[in-house]
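This one's a predicted model, so the numbers in the text were calculated from it and none came from an experiment. Each chain gets a letter, A, B and so on, in the order its sequence line appears, and its residues count up from 1.
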There are 2 protein chains.
Amino acid sequence: MTTTPHIPVRDLSLKHLRQSCVNCSLRELCLPIGLSAEEMRELDTLITQAKPIKRGEALYRAGEPFRSLFAIRLGFFKASVISEDGREQVTGFHMTGELMGMDAVSSDLHTCDAIALEDSEVCELPFTDMEELSRRIPILQHHFYKLMSREIVRDHGVMLLLGNMKAEERIAAFLLNLSQRFAIRGYSASSFHLRMTREEIGSYLGLKLETVSRSLSKFQENGLIKVQNRLIEIINPDALKQLINNCQQ
Amino acid sequence: MTTTPHIPVRDLSLKHLRQSCVNCSLRELCLPIGLSAEEMRELDTLITQAKPIKRGEALYRAGEPFRSLFAIRLGFFKASVISEDGREQVTGFHMTGELMGMDAVSSDLHTCDAIALEDSEVCELPFTDMEELSRRIPILQHHFYKLMSREIVRDHGVMLLLGNMKAEERIAAFLLNLSQRFAIRGYSASSFHLRMTREEIGSYLGLKLETVSRSLSKFQENGLIKVQNRLIEIINPDALKQLINNCQQ
DNA sequence: CGAATCCTTGAAACCGATCAACGACTGTGG
DNA sequence: CCACAGTCGTTGATCGGTTTCAAGGATTCG
């Protein structure tokens with residue numbers, strides 16, 4: 001039994017659904033930058049009605065032609081590259097309010113698969129239309145440069161993690177990162193569901209699934225977290241943070 | 001003694017210098033996209049005279065305010081993040097014709113250090129000016145989106161390398177990548193100087209310098225390459241390629 | 001020429017991967 | 001509602017690769 005109440009995934013989704021409106025995720029993505037009502041209307045015309053993606057389905061796959069970015073209105077995705085021999089490298093996990101597909105701009109082809117890890121909804125944003133609009137709305141143009149830059153910074157963080165950290169430090173960093181991102185979206189920072197398997201976590205962190213499992217078990221033994229399958233409760237976030245700093249030696 | 005003639009670094013630089021004109025690197029960056037002469041002139045007005053950076057000097061450092069991107073007109077840089085405790089993670093090596101600083105757009109602060117690994121020259125490209133110009137030249141705007149996207153794809157490749165490959169596979173991939181980039185710029189693909197230390201290679205690849213050294217020695221034993229300090233001669237590129245594929249199991 | 005940095009190589013320790021077995025959970029159909 | 005199959009997760013034991021520690025040698029630069 002955990003000490004704080006668990007929030008079922010279903011409830012989280014419904015709660016968010018109630019707060020949502022059509023196209024909200026991209027609106028939210030752009031609201032903070034201060035567009036006028038008129039500009040927001042223009043932005044809305046670009047965006048298709050929210051499109052549902054069932055768990056396990058692909059939003060797009062590597063090699064497909066690129067037409068649009070996708071804003072996640074609701075749900076959870078993994079992005080991954082499959083090498084010729086079938087080996088999978090997860091390059092990121094993406095949740096509500098985040099934008100996917102920016103890697104595809106470079107070659108007009110998607111370079112990775114985007115798979116829904118729970119039933120999700122996305123807003124499609126045709127890229128050439130967005131480019132055209134962003135020429136008329138400078139702040140929008142700047143915002144998209146920023147979004148792409150943020151993706152680069154995020155990737156550098158992962159590179160640092162993969163290059164410098166030990167297994168337990170990686171797991172700790174991963175849990176804290178998820179926790180923070182849930183918190184930003186108004187969910188509990190201390191109690192959340194993992195949408196992905198241990199193997200997918202391992203792929204993302206450069207570890208084997210057994211190592212992920214062992215690390216989680218050890219954290220639980222030491223009272224840092226509680227684990228019940230995919231339900232994580234963070235009990236001592238400071239200890240997790242300290243773990244990361246120590247590990248960078 | 002090597003079988004093909006070694007090209008001293010000095011010669012490489014001079015050779016390139018002769019082909020170069022002021023601001024050439026950014027022009028080259030943008031020429032393939034088909035700007036008119038008039039548009040190229042406009043682009044040129046943005047760009048400052050080439051600015052020299054001596055070996056060991058910083059082009060910028062993490063935390064400094066961001067004003068400009070930098071196109072490397074000539075030379076070789078490393079980009080790296082220093083963690084609070086002084087540990088360094090090299091996030092990339094950048095050579096002539098490449099653009100640096102795109103990570104800084106997200107926060108208006110540079111997020112990494114850019115250090116010249118040989119005497120270099122850069123063209124400064126004020127970002128707000130570029131944004132303004134790119135609104136008037138759609139193809140330029142698209143090109144910059146592409147450049148940032150390319151950086152994301154590149155980082156995903158490094159993540160795959162760090163997450164999936166063994167030490168020797170990483171080194172092989174690193175050498176082939178350098179080889180290819182030199183070849184694109186008209187230098188020898190089979191014989192080139194490493195501008196960075198073993199430690200910097202290790203930092204980039206998530207390995208210790210001893211491991212880098214050992215892998216290079218082993219490749220030499222097996223006749224894949226020749227190593228003389230920082231001079232690398234690739235003798236059997238196919239064997240290196242095969243090494244990478246095998247390692248992804 | 002001398003000092004500092006960089007590189008190489010060896011031996012031992014350690015961490016994570018691998019192999020293996022079992023248990024738990026999920027979802028489906030009877 | 002239960003049974004079942006398949007996927008997912010845990011844990012143990014062993015193995016292997018990379019790191020660590022250490023020493024010596026080479027190169028570079030002032």
Inset, instruction - Give a yes or no on whether A/Glu199 atom CD has more than 12 heavy-atom contacts from other residues, nucleotides or ligands under 6.0 Å away. - result: no
Nucleotides 9-15 of chain C: which of its N/O atoms have a protein N/O under 3.5 Å away?
{"from": "C/dT9", "atom 1": "OP2", "to": "B/Ser217", "atom 2": "OG", "distance (Å)": "2.6"}
{"from": "C/dG10", "atom 1": "N7", "to": "B/Arg214", "atom 2": "NH1", "distance (Å)": "2.9"}
{"from": "C/dG10", "atom 1": "O6", "to": "B/Arg214", "atom 2": "NH2", "distance (Å)": "3.3"}
{"from": "C/dA11", "atom 1": "N6", "to": "B/Arg214", "atom 2": "NH2", "distance (Å)": "3.4"}

Legend entry - Pairs touching residues 52-61 of chain B that satisfy salt bridge (Lys or Arg N to Asp or Glu O under 4.0 Å), sequence neighbours left out: B/Arg61-B/Asp113
Inset, instruction - May I ask you to check whether B/Phe77 and B/Phe93 place their ring centres under 6.0 Å from each other? - result: no
Legend entry - Integer-rounded Å distance: C/dG16 P and A/Leu207 CG: 7 Å
Legend entry - Presence of A/Arg230 side-chain N/O under 4.0 Å of D/dG9 phosphate oxygens OP1/OP2: yes
Legend entry - Gap between atoms CD and C1', on A/Glu199 and D/dT10 respectively (whole Å): 15 Å
Inset, instruction - For the residue pair A/Glu88 and A/Ser80, confirm or rule out a side-chain donor-acceptor distance under 3.5 Å. - result: yes
Close N or O pairs between protein and nucleotides 27-30 of chain D (under 3.5 Å):
{"from": "D/dC29", "atom 1": "OP1", "to": "B/Arg55", "atom 2": "NH2", "distance (Å)": "2.9"}

Inset, instruction - Would you mind telling me which of B/Asn164, B/Val158, B/Leu162 makes a side-chain contact (heavy atoms from CB on, under 4.5 Å) with B/Leu160? - result: B/Asn164
Legend entry - A/Lys54 NZ to C/dG27 P, straight-line distance once rounded to whole Å: 14 Å
Inset, instruction - Look at all strands and tell whether B/Gly206 reaches a base, only sugar-phosphate, or nothing, counting heavy atoms closer than 4.0 Å. - result: sugar-phosphate
Legend entry - Partner of A/Leu240 by side-chain contact (heavy atoms from CB on, under 4.5 Å), out of A/Ile171, A/Ile235, A/Ile234: A/Ile234
Inset, instruction - With sequence neighbours excluded, tell me which residues meet side-chain contact (heavy atoms from CB on, under 4.5 Å) with B/Ala104. - result: B/Phe66, B/His110
Inset, instruction - Could I get the full list of side-chain hydrogen bond (donor to acceptor under 3.5 Å, both in side chains) partners for A/Thr111, not counting sequence neighbours? - result: A/Asp103
Legend entry - Listed partners of B/Asn229 passing side-chain contact (heavy atoms from CB on, under 4.5 Å), at least two apart: none
Inset, instruction - Check ring pair (Phe, Tyr, Trp, His ring centres under 6.0 Å) between B/Phe70 and all other residues, then give those that pass, not counting sequence neighbours. - result: B/Tyr60
Legend entry - For B/Lys218, all residues meeting side-chain hydrogen bond (donor to acceptor under 3.5 Å, both in side chains), sequence neighbours excluded: B/Glu168
Inset, instruction - Write down the distance between CD (B/Gln228) and P (C/dT8), rounded to a whole number of angstrom. - result: 11 Å
Legend entry - Atom-to-atom span, CD1 of B/Ile201 to P of C/dC6 - whole angstrom: 12 Å
Inset, instruction - Give the angle between the helix axes at the two ends of the helix from C/dC1-D/dG30 to C/dG30-D/dC1, taking five base pairs at each end and rounding to 10°. - result: 50°
Inset, instruction - Please identify each residue that fulfils side-chain hydrogen bond (donor to acceptor under 3.5 Å, both in side chains) with A/Ser68, with sequence neighbours left out. - result: A/Glu124
Inset, instruction - Using whole Å, report how far CG of A/Asn164 lies from P of D/dT18. - result: 17 Å
Inset, instruction - For residues A/Ile232 and A/Leu194, determine if any side-chain heavy atom of one lies less than 4.5 Å from a side-chain heavy atom of the other. - result: yes
Inset, instruction - Name all residues meeting the side-chain hydrogen bond (donor to acceptor under 3.5 Å, both in side chains) criterion together with B/Arg181; count only those two or more places apart in sequence or in a different chain, and write none if there are none. - result: B/Glu98, B/Asn177
Filtered N/O pairs between nucleotides 3-7 of chain D and protein, under 3.5 Å:
none

Inset, instruction - Measure from CZ on B/Phe219 to C1' on C/dC7 and round the result to the nearest Å. - result: 17 Å
Inset, instruction - Would you mind reading off the distance between B/Glu200 atom CD and C/dC6 atom C1', rounded to a whole angstrom? - result: 11 Å
